[in-house]
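These notes are about the structure you will find just below.
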Amino acid sequence: VFFVTMVFMCIGTGVESCLKRSRAEQRTEEDGDEGDSATPVPAGHVGGIPSANPRLQAELLEEWMRNSPLRVLPGSQQMAKSASSLFAALHVTFEFQLDSVKNQYEHFMSMILSHVATVADRYYTTDVGQVNEQFLLADALDDLHCELLEGFTRWRAKYRGYRGSGMEDTDGMVPP
């Protein structure tokens, strides 16, 4: 239970990071620049913390780029790099079992694929049969981020309402 909770809390944070990188890459592609010009995540490093298992990161990245139907979407390569480095960092930082990390990575890929399908369906029904693949992955990631943190957000709002909680009202904005 602790492992799953920690993974989903870290995924929420990692998803936001992936979303920012994906959107930045998509803006670069819109400007006519090459999408690969974004600075890649160095092998063996995640957020400046040396990773003890660069092989895991490479294996997870290969899993996405070789087997995932998401690999053809714009921004997929950068998202795959971000997600694989995040999961490799979780393995090292919290000393999670290797197979558990791989299972949670596969679960994350399944969730993002499901959200891509949902967002594509929403695009199709609202945009007269057109699906804009340019922002499909980023919008799906944004939806997943909101869904994963929905319970926490409700809990925080309810807790904030109690006298003496010590939490400030942030008008819906998450403090840094």
Side-chain angles (χ1 to χ4, degrees), residues 1 3-41 57 59-87 90 101-161 169-176:
V1 174
F3 174 73
V4 172
T5 303
M6 289 301 298
V7 166
F8 282 116
M9 292 293 286
C10 291
I11 286 175
T13 304
V15 165
E16 183 177 6
S17 174
C18 291
L19 182 62
K20 288 178 182 177
R21 287 182 182 170
S22 294
R23 288 208 170 133
E25 182 177 297
Q26 289 170 353
R27 282 191 209 104
T28 303
E29 289 173 359
E30 284 178 353
D31 294 339
D33 294 338
E34 288 296 317
D36 293 334
S37 65
T39 306
V41 176
Q57 183 177 345
E59 184 179 337
L60 297 175
L61 179 63
E62 182 179 347
E63 176 69 25
W64 183 299
M65 297 310 294
R66 197 170 263 186
N67 299 325
S68 174
L70 300 173
R71 69 184 179 275
V72 298
L73 292 175
S76 180
Q77 184 175 8
Q78 185 61 36
M79 183 181 287
K81 287 178 184 178
S82 296
S84 62
S85 73
L86 171 67
F87 278 82
L90 290 173
V101 173
K102 290 178 182 180
N103 287 339
Q104 290 302 320
Y105 184 77
E106 187 176 316
H107 184 222
F108 169 72
M109 287 177 55
S110 173
M111 288 189 308
I112 194 68
L113 181 60
S114 175
H115 279 76
V116 164
T118 303
V119 170
D121 186 52
R122 187 172 58 229
Y123 282 171
Y124 187 79
T125 58
T126 60
D127 293 342
V128 194
Q130 297 293 321
V131 175
N132 180 2
E133 289 185 353
Q134 186 66 31
F135 297 108
L136 187 61
L137 197 53
D139 288 347
L141 192 56
D142 193 30
D143 282 5
L144 179 59
H145 180 256
C146 291
E147 184 178 312
L148 288 175
L149 295 179
E150 180 181 21
F152 171 72
T153 304
R154 280 195 318 249
W155 170 84
R156 186 180 62 207
K158 199 174 210 180
Y159 182 73
R160 187 181 301 120
D169 187 12
T170 58
D171 295 325
M173 300 298 291
V174 177

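All residue numbers in this chain count up from 1 along the given sequence.
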Identify the two heavy atoms, one from [X] and one from [Y], that lie closest to each other, and give their separation to 0.1 Å.
{"X": "Leu144", "Y": "Met111", "result": "CD1-CB, 4.1 Å"}
{"X": "Arg71", "Y": "Met65", "result": "CD-O, 2.9 Å"}
{"X": "Trp64", "Y": "Ala83", "result": "CZ3-CB, 4.5 Å"}
{"X": "Lys81", "Y": "Ser84", "result": "O-OG, 3.1 Å"}
{"X": "Ser68", "Y": "Met109", "result": "CB-CE, 3.6 Å"}

### Message
Taking side chain to side chain donor-acceptor pair (under 3.5 Å) as the definition, give me every residue that meets it alongside Asn103, ordered by chain and number, with sequence neighbours left out.
### Response
none
Measure the [atom1]-[atom2] distance between [X] and [Y] for me, rounded to the nearest 0.5 Å.
{"X": "Leu86", "Y": "Phe108", "atom1": "CG", "atom2": "CZ", "value": "8.0 Å"}
{"X": "Leu113", "Y": "Leu137", "atom1": "CG", "atom2": "CG", "value": "10.0 Å"}
{"X": "Gln57", "Y": "Ser85", "atom1": "CD", "atom2": "OG", "value": "5.0 Å"}
{"X": "Asp142", "Y": "Phe135", "atom1": "CG", "atom2": "CZ", "value": "12.5 Å"}
{"X": "Leu136", "Y": "His115", "atom1": "CG", "atom2": "NE2", "value": "12.0 Å"}

### Query
Mind checking whether Thr118 and Glu147 have side chains closer than 4.5 Å, heavy atoms only?
no
Ignoring hydrogens and geometry, is there a side-chain-to-backbone donor-acceptor pair from [X] to [Y] under 3.5 Å?
{"X": "Tyr105", "Y": "Phe87", "answer": "no"}
{"X": "Thr125", "Y": "Arg122", "answer": "yes"}
{"X": "Ser110", "Y": "Glu106", "answer": "no"}
{"X": "Ser76", "Y": "Val72", "answer": "no"}

